[in-house]
Chemist: 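Got a structure for you, questions after.
Residue numbers start from 1 in every chain, and the chains themselves are labelled A, B, ... in the order their sequence lines are given, proteins ahead of strands.
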There are 2 protein chains.
Amino acid sequence: MHFTEIIKTIKERREALQVTQETLAELSGVGLRTLKQFESGKGNPTLLTLHKLSDVLGMEVCLKIKNIAADK
Amino acid sequence: MHFTEIIKTIKERREALQVTQETLAELSGVGLRTLKQFESGKGNPTLLTLHKLSDVLGMEVCLKIKNIAADK
DNA sequence: TTTAATAGTGCTTTAAAATGCACTTTTTGT
DNA sequence: ACAAAAAGTGCATTTTAAAGCACTATTAAA
């Protein structure tokens, strides 16, 4: 999963749940400014930040083995 | 996937591939100090760092939806 | 057991993430 | 079209990740 995809996933998931950035920020404990920056494609979140956000959105960060020769 | 699990996964995968920290650091472009710190359980890597390491190890970071009531 | 390789730690510096505040822009609902 | 809500941006500060270096500790090979 590419860098930008992860960001996009968070944003899409939040929107799907109809949660505002403000609410997500409050629920996750991540600063609003941080979330805004993150979602607008800037920055390089730490695993902790990503984890906090994912958690509230009912998602989780994981590592999986890439399957070779399966370019889409 | 929990925070510490991700760290553990990286380490285990590296060891399975019989790659030293030094080599992984070189190949991934992540500083050796950073990798050492990371693997020894300290720190909070950025998504970029995690991505670089995962990449070399043939893994990728992903976000998945947590399946409720499936504790284990 | 000795030594060579690999892994972990303390200290320090630099770069950047995280944050708040105030403001602008965009989106949405009436 | 207008107003309200939500999202995005600039600026400044604090915190901390990333990094190198030198050292210690642990592990593996002779």
Chemist: Using side-chain hydrogen bond (donor to acceptor under 3.5 Å, both in side chains) as the criterion, point out the one residue from Arg33(B), Glu15(B), Glu39(B), Lys11(B) that pairs with Gln21(B).
Modeler: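 Of the listed options, the one satisfying the test is Glu39(B).
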Chemist: Which comes earlier along DNA chain D counting from the 5' end, the contact point of Lys36(B) or that of Thr49(B), where each point is its nearest nucleotide?
Modeler: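 Its nucleotide being nearer the 5' end, the pick is Thr49(B).
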Chemist: Any side-chain N or O of Thr34(A) less than 4.0 Å from the OP1 or OP2 oxygen of dT19(C)?
Modeler: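 For dT19(C), OP1 or OP2 has a side-chain N or O of Thr34(A) closer than 4.0 Å.
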Chemist: Please name all residues satisfying salt bridge (Lys or Arg N to Asp or Glu O under 4.0 Å) with Arg13(B), sequence neighbours left out, ordered by chain then number.
Modeler: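 With sequence neighbours excluded, Arg13(B) shows a salt bridge (Lys or Arg N to Asp or Glu O under 4.0 Å) to no residue whatsoever.
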Chemist: Please determine whether a side-chain nitrogen or oxygen atom of Thr46(A) lies at a distance below 4.0 Å from atom OP1 or OP2 of dA18(C).
Modeler: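 Yes, Thr46(A) has a side-chain N/O under 4.0 Å of OP1/OP2 on dA18(C).
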Chemist: May I have the distance from His51(A) (atom NE2) to dA18(C) (atom C1'), rounded to whole angstrom?
Modeler: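 The answer, rounded to whole Å, is 18 Å.
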Chemist: Can you check whether Thr34(B) reaches Thr49(B) side chain to side chain, under 4.5 Å on heavy atoms?
Modeler: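 Answer yes - side chains close enough.
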Chemist: Hey, what bend do you get for the helix from dT1(C)-dA30(D) to dT30(C)-dA1(D) if you fit axes on five pairs at each end, rounded to 10°?
Modeler: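 End-to-end axis angle: 70°.
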Chemist: Provide a list of protein-nucleic acid N or O atom pairs under 3.5 angstrom, restricted to nucleotides 10-15 of chain C.
Modeler:
unit_1  : atom_1 : unit_2   : atom_2 : d
dG10(C) : N7     : Arg33(B) : NH2    : 2.7
dG10(C) : O6     : Arg33(B) : NE     : 2.3
dG10(C) : O6     : Arg33(B) : NH2    : 3.0
dC11(C) : N4     : Arg33(B) : NH2    : 3.4

Chemist: So does Glu22(A) have more than 12 non-hydrogen atoms from other groups sitting under 6.0 Å from CD?
Modeler: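 For Glu22(A), atom CD is not crowded (no more than 12 foreign heavy atoms under 6.0 Å).
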Chemist: Of the non-hydrogen atoms in Gly31(B) and Ala25(B), which two are nearest, and what is the gap between them?
Modeler: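 Closest pair (atom of Gly31(B), atom of Ala25(B), distance): C-CB, 4.2 Å.
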Chemist: Taking distance alone, no hydrogens or angles, what donor-acceptor pairs closer than 3.5 Å link side-chain atoms of residues 51-65 of chain A to residues at least two apart or in another chain?
Modeler:
unit_1   : atom_1 : unit_2   : atom_2 : d
Ser54(A) : OG     : Leu50(A) : O      : 2.6
Asp55(A) : OD1    : Lys66(B) : NZ     : 2.7
Glu60(A) : OE1    : Met1(B)  : N      : 2.1

Chemist: When the distance from CG of Leu48(A) to C1' of dT19(C) is rounded to whole Å, what number comes out?
Modeler: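 Taking atom C1' of dT19(C) as the reference, CG of Leu48(A) is at 14 Å.
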Chemist: Do Ser28(A) side-chain atoms and Leu24(A) backbone N/O form a donor-acceptor pair below 3.5 Å?
Modeler: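 Here the side-chain-to-backbone pair exists.
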Chemist: More 5' along DNA chain D: Gln37(A) or Asn44(A), using each one's nearest nucleotide?
Modeler: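 Final value for this comparison: Gln37(A).
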Chemist: Map Lys52(A) and Leu35(B) onto DNA chain C by nearest heavy atom, then report which one ends up closer to the 5' terminus.
Modeler: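 In this pair, the answer is Leu35(B).
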Chemist: Kindly indicate whether the side chain of Ile6(A), heavy atoms from C-beta on, has any atom under 4.5 Å from the side chain of Thr9(A).
Modeler: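 Not touching, per the 4.5 Å side-chain cut-off.
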Chemist: When every nucleotide of nucleotides 25-30 of chain D is labelled 5' to 3' by its protein contacts under 4.0 Å (heavy atoms), B for base, S for sugar-phosphate only, - for none, what sequence of letters results?
Modeler: ------
Chemist: Categorize Gly29(B) for me: base, sugar-phosphate, or nothing, with a 4.0 angstrom heavy-atom threshold over every strand shown.
Modeler: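 Touches sugar-phosphate only.
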Chemist: Rounded off to whole Å, could you give me the CG-to-P distance for the Leu53(B) and dA17(D) pair?
Modeler: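 Taking CG of Leu53(B) and P of dA17(D), I get 15 Å after rounding.
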Chemist: Rounded to whole Å, please give me the gap between CG in Leu32(A) and C1' in dA7(D).
Modeler: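 Value for this atom pair: 9 Å.
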Chemist: Quick check on contacts: within residues 6-22 of chain B, what sits under 4.0 Å from DNA chain D by heavy-atom distance?
Modeler: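 Listed by number, there are none.
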Chemist: What is the distance, rounded to the nearest whole Å, between atom CD of Glu26(B) and atom P of dA19(D)?
Modeler: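 Atom-to-atom, Glu26(B) to dA19(D), this comes out as 13 Å.
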Chemist: Would you please confirm or rule out a distance under 4.0 Å between OP1 or OP2 of dA7(C) and any side-chain N or O of Ser40(B)?
Modeler: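 Answer no for this pair, as no side-chain N or O of Ser40(B) is under 4.0 Å from OP1 or OP2.
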